[in-house]
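Only one structure is covered here, and it is reproduced in the block below.
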Amino acid sequence: LSTVATAVIGSRLLHNSRWYSISHLSVQDRIEEKRRAALVGGGQKRIDAQHKRGKLTARERIDLLMDPESFVEYDMFVEHRCADFGMEADHNKYPGDSVVTGQGRINGRLAYVFSQDFTVFGGSLSGAHAQKICKIMDQAMMVGAPVIGLNDSGGARIQEGVESLAGYADIFLRNVMASGVVPQISLIMGPCAGGAVYSPALTDFTFMVKDTSYLFITGPDVVKSVTNEDVTQEELGGARTHTAVSGVAHRAFENDVDALLNLRNFFNFLPLSNKDPAPVTECHDPSDRLVPGLDTLVPFESTKAYDMLDIIHGIVDERDFFEIMPNYAKNIVVGFARMNGRTVGIVGNQPKVASGCLDINSSVKGARFVRFCDAFNIPIITFVDVPGFLPGTAQEYGGIIRHGAKLLFAFAEATVPKITVITRKAYGGAYDVMSSKHLRGDVNYAWPSAEVAVMGAKGAVQIIFRGKENQAEAEAEYVETFANPFPAAVRGFVDDIIQPSTTRKRICRDLEVLASKKQTNPWKKHANIPL
Amino acid sequence: ARLYIVWYRIVSGLSLNISKVCHLSISGVGIVSHVHVKMADEAVCVGPAPTSKSYLNMDAIMDAIRQTGAQAVHPGYGFLSENKEFARRLAAEGVTFIGPDTHAIQAMGDKIESKLIAKAARVNTIPGFDGVVKWRRADECRCVCLLGYPVMIKASAGGGGKGMRIAWSDDETREGFRFSSQEAASSFGDDRLLIEKYIDNPRHIEIQVLADKHGNALWLNERECSIQRRNQKVVEEAPSTFLDPATRRAMGEQAVSLAKAVQYSSAGTVEFLVDSKKNFYFLEMNTRLQVEHPITECITGLDLVQQMIRIAKGYKLQHKQEDIPINGWAIESRVYAEDPYKSFGLPSIGRLSQYEEPVRLSGVRVDSGIQEGSDISIYYDPMISKLVAYGASRADALKKMEAALDNYVIRGVTHNIPLLREIIVHPRFVAGDISTNFLPEVYPDGFKGHPLSAGDRRELLAAAAALHIAAQLRSQRFLGEQRSRRHWELCLELEKSVHMLAVSHSRGTYTVEVDGEKVEVSGEWNLASALLPLSINGSHKVLQCLTRSPAGDISLQYLGTTFKVRVLSVLAASLSKHMPEKLPEDTSSILRSPMPGTVVGVAVKPGDTVAVGQEICVIEAMKMQNSMTAAKTAKVKSVHCKTGETVGEGDLLVELE
């Protein structure tokens with residue numbers, strides 16, 4: 001950039017040298033000087049320290065994330081405005097302050113990005129820092145392009161006091177306003193503590209880098225002094241904790257390079273805004289491909305598990321499935337894939353884990369994913385093998401009724417194309433919840449192994465035939481009546497019973513048809529999902 | 001008439017919604033040697049997965065036969081195919097057993113008895129102790145005095161390498177006896193052992209015989225089966241490069257005289273060990289169809305299953321000895337679900353997530369009982385298929401085998417194609433210079449995959465770079481958008497060495513500059529296909545892309561072996577140097593199960609001190625017992641497995657301090 005600027009001014013000098021005085025050149029020098037200073041952030045020593053921690057600098061991260069030479073930076077000359085505690089001194093001013101912002105392209109598609117610079121005041125958030133972020137968020141919403149935040153910040157700029165807090169709130173407000181308008185992605189690449197954590201929490205997806213990123217409200221020292229718990233940063237808010245225990249983060253990557261390259265790949269699944277349809281890429285996988293392995297996948301005994309991922313990998317384009325929250329609430333599988341090149345959201349019960357039952361965590365995980373897809377025009381494909389909601393005091397006391405309702409709510413309100421395949425069990429209320437016909441499922445299929453019933457044979461027989469002597473016979477009768485797809489099919493609750501190997505073909509065809517689906521919910525200020 | 005066939009390892013491929021892996025498959029009479037599970041008309045389940053409850057469960061099989069009204073049973077190979085009791089029970093029910101008479105099975109099924117019969121029929125036999133050996137001090141001395149080390153300990157009822165051990169010392173003899181008798185007991189229900197002189201560095205060559213019920217017998221030439229690991233065949237060919245017509249005839253005639261001596265009828269195989277001076281010794285006779293029978297069918301044009309059915313029906317042989325030709329050359333590779341990098345093949349299990357046989361290639365035949373979606377379980381031998389290539393000459397057959405292996409897509413389980421692909425191109429194999437010790441001699445430190453030459457390396461790197469760019473270009477091709485970039489600088493990492501590559505692209509052809517040399521790679525670049533047929537500098541190569549991650553990690557199968565290549569832009573590569581090194585776990589102090597299986601014995605408890613090489617526990621998988629030993633001298637910290645427990649590959653067994 002700077003060389004281009006010099007060349008332009010240099011040519012003007014030649015044409016009209018009298019108009020340019022020494023003072024103009026000195027402005028030019030100052031521009032150059034500021035740009036140079038902005039590019040090195042907190043200086044080489046701090047850059048080296050950042051590298052030593054196994055982390056990249058804010059600018060290196062942007063270079064890796066964006067297509068080469070596509071990044072256009074904003075606000076390189078913005079400086080903090082704090083005049084207290086000696087902050088006004090020249091050596092405490094860094095052009096651009098502690099964040100790099102701008103827009104660029106990822107595989108040719110527009111994205112706005114901010115990347116916090118840990119080498120400048122530990123990436124702490126000043127009023128100016130917040131203002132820079134708000135600027136790109138406003139523009140992103142206006143033009144309809146996703147916002148990607150690369151978080152690496154020690155927290156609020158304490159010297160600025162309330163101005164820093166105001167900055168956080170300004171960002172939070174924009175996160176909320178942008179929610180459902182443009183996709184927002186946070187990649188945590190260093191510390192992110194205190195109030196700062198709520199910005200990633202408000203975004204659609206939070207990814208982390210293993211071993212070098214932390215998210216917590218208060219650090220281990222405060223925890224120790226308040227609750228007397230001994231806990232390390234990693235245990236309290238590391239990638240493992242948030243991807244497997246708390247469910248705060250959606251996925252973790254090995255290191256900065258791995259994370260950024262994966263983020264580029266992930267970005268390709270997303271539409272740019274809620275006005276855009278789900279993206280369609282060139283697809284080499286035939287849409288009418290049969291998947292013979294699926295015909296033998298579901299075990300004959302209904303108590304035996306199988307891996308839902310085998311179905312998903314078999315059906316989607318090129319076995320390419322970007323799983324969201326793969327280590328959290330593993331009894332439900334959610335993630336993005338493509339069908340005939342078009343992005344789809346996949347939700348599937350996982351029989352391998354807790355029989356694929358719905359519990360609090362899996363309901364919340366599924367609900368949030370379904371709502372994202374619905375907000376951004378991504379068709380939802382649901383694979384159902386669910387024995388019901390998980391019973392027990394832990395679940396009831398935890399509010400499974402309220403949390404389970406979230407998934408029900410999300411599926412019911414979704415107006416994107418919804419295709420459902422019942423692979424085996426669809427029992428009880430969980431049958432209703434899992435994108436059933438009754439919740440406006442557009443196309444609902446059953447495999448021959450499907451059983452749609454209020455409950456499994458054993459439990460049902462104990463109720464229907466209470467006191468009857470020959471329980472085994474009664475059970476066989478129940479199985480004969482209900483443990484097959486017919487009761488649902490004769491009522492039109494499933495549209496067809498399909499051979500598992502043809503599932504991909506059928507879904508691809510349905511998605512073509514449903515691409516023009518238009519459905520709206522009644523006008524409302526917003527719905528009142530049971531939070 | 002309907003013919004019922006208990007086929008070798010019939011897997012869930014058949015099992016529509018029945019996950020149980022065991023079936024009695026049934027096919028119409030017309031089906032001959034190509035008998036294939038997928039071609040069976042009906043299936044009857046004979047029990048759950050463990051073989052003792054299904055394929056070895058005679059009551060269940062007899063029930064199935066009665067239930068379906070079968071008139072004849074072809075026993076396939078393995079399981080009950082050489083079980084005289086089974087043959088007897090069939091005879092009692094008036095069901096034809098497609099195989100030899102009970103007394104021949106009995107006579108040949110017992111190694112000791114068969115050796116005595118062979119001796120009497122003037123067949124060359126191996127010097128040894130011709131009697132049942134029970135381990136006693138006296139026998140030890142006697143055997144060893146008689147023979148001298150090395151000796152071979154074998155299960156009397158055994159076959160296929162099971163219950164077989166070589167011993168070079170008293171200690172090894174003792175250990176060998178223990179393992180062999182345990183294995184023999186679990187595999188054959190008979191723990192009798194015999195001991196004989198071990199012929200070092202021999203070839204294993206067998207003669208196919210065919211005899212009818214009227215006293216006629218033929219020999220159908222030989223099969224060279226020397227390429228073995230743990231006494232199980234891996235690559236077989238017919239004919240053998242080693243035999244001259246005179247030796248072939250001598251072996252054939254001895255085989256026929258043995259068959260006649262036991263009034264053999266049906267197809268059978270007489271196995272010989274052949275030393276470097278072309279002396280041959282009778283090893284055993286298999287009274288069934290062999291796994292490797294297709295190569296004999298290829299070169300003789302005879303359909304062995306059809307012949308067996310004819311013979312069982314009482315017909316006379318159609319052919320005379322002089323009618324039996326050697327036409328062309330046939331090679332069979334046994335494709336196993338096993339990891340060839342561990343002792344030339346330790347069993348692996350899994351679900352075949354993708355499976356494509358190279359059947360569209362000419363001169364290639366694949367006999368398998370599985371299909372995409374099948375589970376390879378711990379209950380059976382881990383064979384996926386027999387891959388047969390047939391050509392006019394040996395060189396032609398080898399070329400076809402290469403292509404077949406390159407075009408064979410197996411995903412979801414570890415398989416031995418890397419090893420097979422290396423064997424068939426190894427100069428010693430190509431020259432026919434082989435013995436049963438081929439694998440340990442050629443790979444003294446274990447099999448390590450294809451060693452890349454500088455040229456190979458360039459080709460592989462160029463292919464990886466081109467694939468990476470093809471994928472990159474596609475990921476930027478959203479509908480209605482097109483971007484054109486023609487030149488890239490990439491940094492590739494392969495086997496820990498780093499290469500800078502310049503790539504340029506025009507119309508599907510990538511020109512890649514690797515280490516100063518230009519390599520042209522072109523292809524269809526179908527990124528969904530498992531196979532990657534490429535033209536590299538004008539020559540046709542089929543690679544396979546196993547995985548391709550967004551972070552630039554590509555696994556490519558090239559010349560049989562899977563190589564991991566990391567492809568990064570120059571920028572990403574230069575920034576990668578800042579990334580923290582993640583330490584792999586120290587494997588000397590932990591013992592993990594190298595394969596899925598059952599723990600049959602744990603020899604240590606926490607606090608014990610173990611020495612290097614000391615046995616810690618024994619894992620049984622696919623009916624083989626594997627002794628797990630300590631990698632260092634240390635105290636046992638904790639034991640994570642119990643006898644009888646099922647363990648998965650990589651499961652922690654024991655931790656040392």
Side-chain angles (χ1 to χ4, degrees), chain A residues 50-56 60-61 63-64 67-68 105 107-109 210-212 253-266 268 279-286 289 291-301 304 306-307 310 313-314 317-320 322 341 448-449 501, chain B residues 11-20 45 351-355 370-375 411-412 470-483 485 488 524-530 545 547-553 568-582:
Chain A
Q50 178 84 348
H51 285 159
K52 208 164 232 154
R53 282 184 212 108
K55 303 197 305 184
L56 299 180
E60 287 167 343
R61 286 166 178 167
D63 284 348
L64 263 186
D67 293 347
R105 304 267 161 180
N107 288 317
R109 301 194 316 148
K210 287 180 192 169
D211 304 325
T212 47
F253 300 105
E254 289 308 315
N255 56 46
D256 281 15
V257 173
D258 186 49
L260 292 161
L261 293 178
N262 270 289
L263 188 51
R264 280 178 64 84
N265 171 55
F266 174 65
N268 267 8
V280 180
T281 60
E282 184 181 297
C283 175
H284 296 173
D285 203 352
R289 173 171 57 88
V291 194
L294 297 187
D295 287 339
T296 54
L297 181 68
V298 177
F300 190 59
E301 303 94 322
K304 251 193 172 168
Y306 60 95
D307 192 347
D310 286 337
H313 285 141
D317 290 358
E318 298 175 22
R319 312 180 64 79
D320 184 11
F322 190 97
S449 46
S501 52
Chain B
V11 226
S12 55
L14 181 65
S15 63
L16 301 171
N17 252 317
I18 308 163
S19 70
K20 286 188 204 90
C45 181
R351 182 174 179 274
L352 285 172
S353 54
Q354 265 180 298
Y355 184 72
I370 54 172
Q371 58 178 22
E372 191 168 302
S374 294
D375 271 314
R411 302 278 193 279
Q472 287 265 303
L473 283 175
R474 187 185 61 163
S475 71
Q476 295 171 4
R477 222 173 287 148
F478 288 93
L479 281 191
E481 285 185 49
Q482 188 67 265
R483 247 144 242 284
R485 198 175 152 197
W488 296 264
E524 274 178 48
W525 304 112
N526 181 330
L527 298 170
S529 163
C545 177
T547 57
R548 191 158 48 75
S549 87
D553 293 310
L568 290 174
S569 66
V570 170
L571 174 72
S574 73
L575 293 177
S576 285
K577 68 174 185 281
H578 299 304
M579 294 301 102
E581 190 86 25
K582 309 231 161 157

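Note that this is a predicted model, so its numbers are computed, not measured. Naming: A, B, ... by sequence-line order, numbering from 1 per chain.
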One pair to check against salt bridge (charged side-chain N to carboxylate O under 4.0 Å, His left out): B:Glu372 and A:Arg289. What are the steps and the verdict?
CA-CA 13 Å; B:Glu372 191 168 302; A:Arg289 173 171 57 88; 5.7 Å; no
By a 4.5 Å heavy-atom criterion (distance strictly below it), what part of B:Glu581 contacts chain A: side chain, backbone, both, or neither?
neither
Contact winner vs chain B - A:Asp211, A:Asp317, A:Leu294, heavy-atom pairs under 4.5 Å
A:Asp211
Side chain / backbone / both / neither for B:Leu568 at chain A, heavy atoms under 4.5 Å:
side chain
Test item: B:His578 side-chain N/O and A:Gln50 main-chain N/O as donor-acceptor pair under 3.5 Å
no
Work out which heavy atom in B:Gly373 is nearest to a heavy atom in A:Thr296; give both atom names and the distance.
O-OG1, 3.9 Å
Nearest heavy-atom approach of B:Arg351 to A:Leu297 is NE-CD1, 3.0 Å
Under a 3.5 Å distance rule, please check whether A:Asp63 uses its side chain to pair with a backbone N or O of B:Leu571 as donor and acceptor.
no
Shortest non-hydrogen contact between A:Asn255 and B:Met579, atoms and distance:
CB-SD, 3.3 Å
Options B:Ala530, B:Gly412, B:Ser475, ranked by heavy-atom pairs under 4.5 Å with chain A, top entry
B:Ser475
I need the B:Gln472 CD to A:Arg264 CZ distance, nearest 0.5 Å.
6.5 Å
Most chain B-contacting option - heavy-atom pairs closer than 4.5 Å, from A:His313, A:Glu60, A:Arg53:
A:Glu60
Top of A:Pro292, A:Pro279, A:Cys283 for chain B proximity - count of heavy-atom pairs under 4.5 angstrom:
A:Pro292
Structural part of A:Pro68 lying under 4.5 Å from a heavy atom of chain B
side chain
Pairing residues for A:Glu254 by the side-chain contact (heavy atoms from CB on, under 4.5 Å) criterion, not counting sequence neighbours
A:Lys210, A:Asp258, B:Lys582
Selection from A:Asn262, A:Asn265, A:Asn268 maximising heavy-atom pairs under 4.5 Å formed with chain B
A:Asn268
Kindly indicate whether the side chain of B:Ser353, heavy atoms from C-beta on, has any atom under 4.5 Å from the side chain of A:Arg319.
yes
B:Leu575 side chain reached by A:Asp256 side chain, heavy atoms, under 4.5 Å:
no
Contacts of B:Arg411 that satisfy salt bridge (charged side-chain N to carboxylate O under 4.0 Å, His left out) - sequence neighbours left out:
none
